[in-house]
Peer 1: 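Have a look at this one before I ask anything.
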Amino acid sequence: MCRNIKTLFNFEPPATEDEIHASALQFVRKLSGFNKPSQVNEAAFERAVAEVSAAARKLLTSLHTHAPARDREVEAERAKERSRLRFGS
């Protein structure tokens with residue numbers, strides 16, 4: 001899995017459009033192998049990002065859980081701690 005794609009489900013407040021778009025962009029970059037596509041491929045690349053964003057948004061609004069919503073700050077701190085343990089500081 002691409003390390004830059006973050007979990008977006010079950011957070012309070014819910015994921016923003018910018019977060020969904022950023023996740024879709026990372027996914028399409030990973031699939032295509034392009035960080036920035038050529039002019040010839042730009043339309044297809046942007047269409048893919050829009051379609052993946054729409055699919056992600058649909059998925060996020062369709063999912064249900066009984067678990068309490070996660071706190072973004074707590075999750076960010078846990079990620080920092082995992083990084084410190086993995087790479088040292």
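A quick note: this is a predicted structure, and the numbers were derived from the prediction, not measured. The first residue of the sequence shown is numbered 1, and numbering continues consecutively from there. Computed from heavy atoms alone, side chains included, the values below leave out hydrogens, waters and symmetry copies.
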Peer 1: Just to verify, what does R70 make a side-chain contact (heavy atoms from CB on, under 4.5 Å) with, not counting sequence neighbours?
Peer 2: T7, N10, F11, E75

Peer 1: E51: which residues meet the salt bridge (Lys or Arg N to Asp or Glu O under 4.0 Å) condition with it, sequence neighbours left out?
Peer 2: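 Partners of E51 by the salt bridge (Lys or Arg N to Asp or Glu O under 4.0 Å) criterion come out as none, since no residue qualifies.
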
Peer 1: Using a 4.5 Å cut-off between side-chain heavy atoms of Ile, Leu, Val, Met, Phe, Trp and Tyr, which other residues end up in the same hydrophobic cluster as V40?
Peer 2: none

Peer 1: Could you tell me the separation between the CZ atom of R78 and the CZ atom of R82, rounded to the nearest 0.5 Å?
Peer 2: 8.0 Å

Peer 1: Under 3.5 Å, which donor-acceptor pairs link side chains of residues 41-48 to any protein atom two or more places apart or in another chain?
Peer 2:
{"from": "N41", "atom 1": "ND2", "to": "S38", "atom 2": "OG", "distance (Å)": "3.3"}

Peer 1: With sequence neighbours excluded, what pairs up with R72 under the salt bridge (Lys or Arg N to Asp or Glu O under 4.0 Å) test?
Peer 2: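 Only E19 meet the salt bridge (Lys or Arg N to Asp or Glu O under 4.0 Å) criterion with R72.
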
Peer 1: Tracing side-chain links under 4.5 Å among I, L, V, M, F, W and Y, which residues wind up in one group with L85?
Peer 2: none

Peer 1: Tracing side-chain links under 4.5 Å among I, L, V, M, F, W and Y, which residues wind up in one group with V74?
Peer 2: none

Peer 1: Under 4.5 Å between side-chain heavy atoms, chaining through other members, with only Ile, Leu, Val, Met, Phe, Trp and Tyr counted: pull out the rest of the cluster around I20, sorted by chain and number.
Peer 2: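 Under the 4.5 Å side-chain rule, I20 groups with L8, F9, L59, L60, L63.
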
Peer 1: Name all pairs fulfilling the salt bridge (charged side-chain N to carboxylate O under 4.0 Å, His left out) condition that reach into residues 9-18, sequence neighbours left out, sorted by first residue then second.
Peer 2: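 Qualifying pairs, neighbours excluded: E17-R57.
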
Peer 1: Under the side-chain hydrogen bond (donor to acceptor under 3.5 Å, both in side chains) rule, collect the residues that match up with D71, sequence neighbours excluded.
Peer 2: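 Applying side-chain hydrogen bond (donor to acceptor under 3.5 Å, both in side chains) to D71 gives none.
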
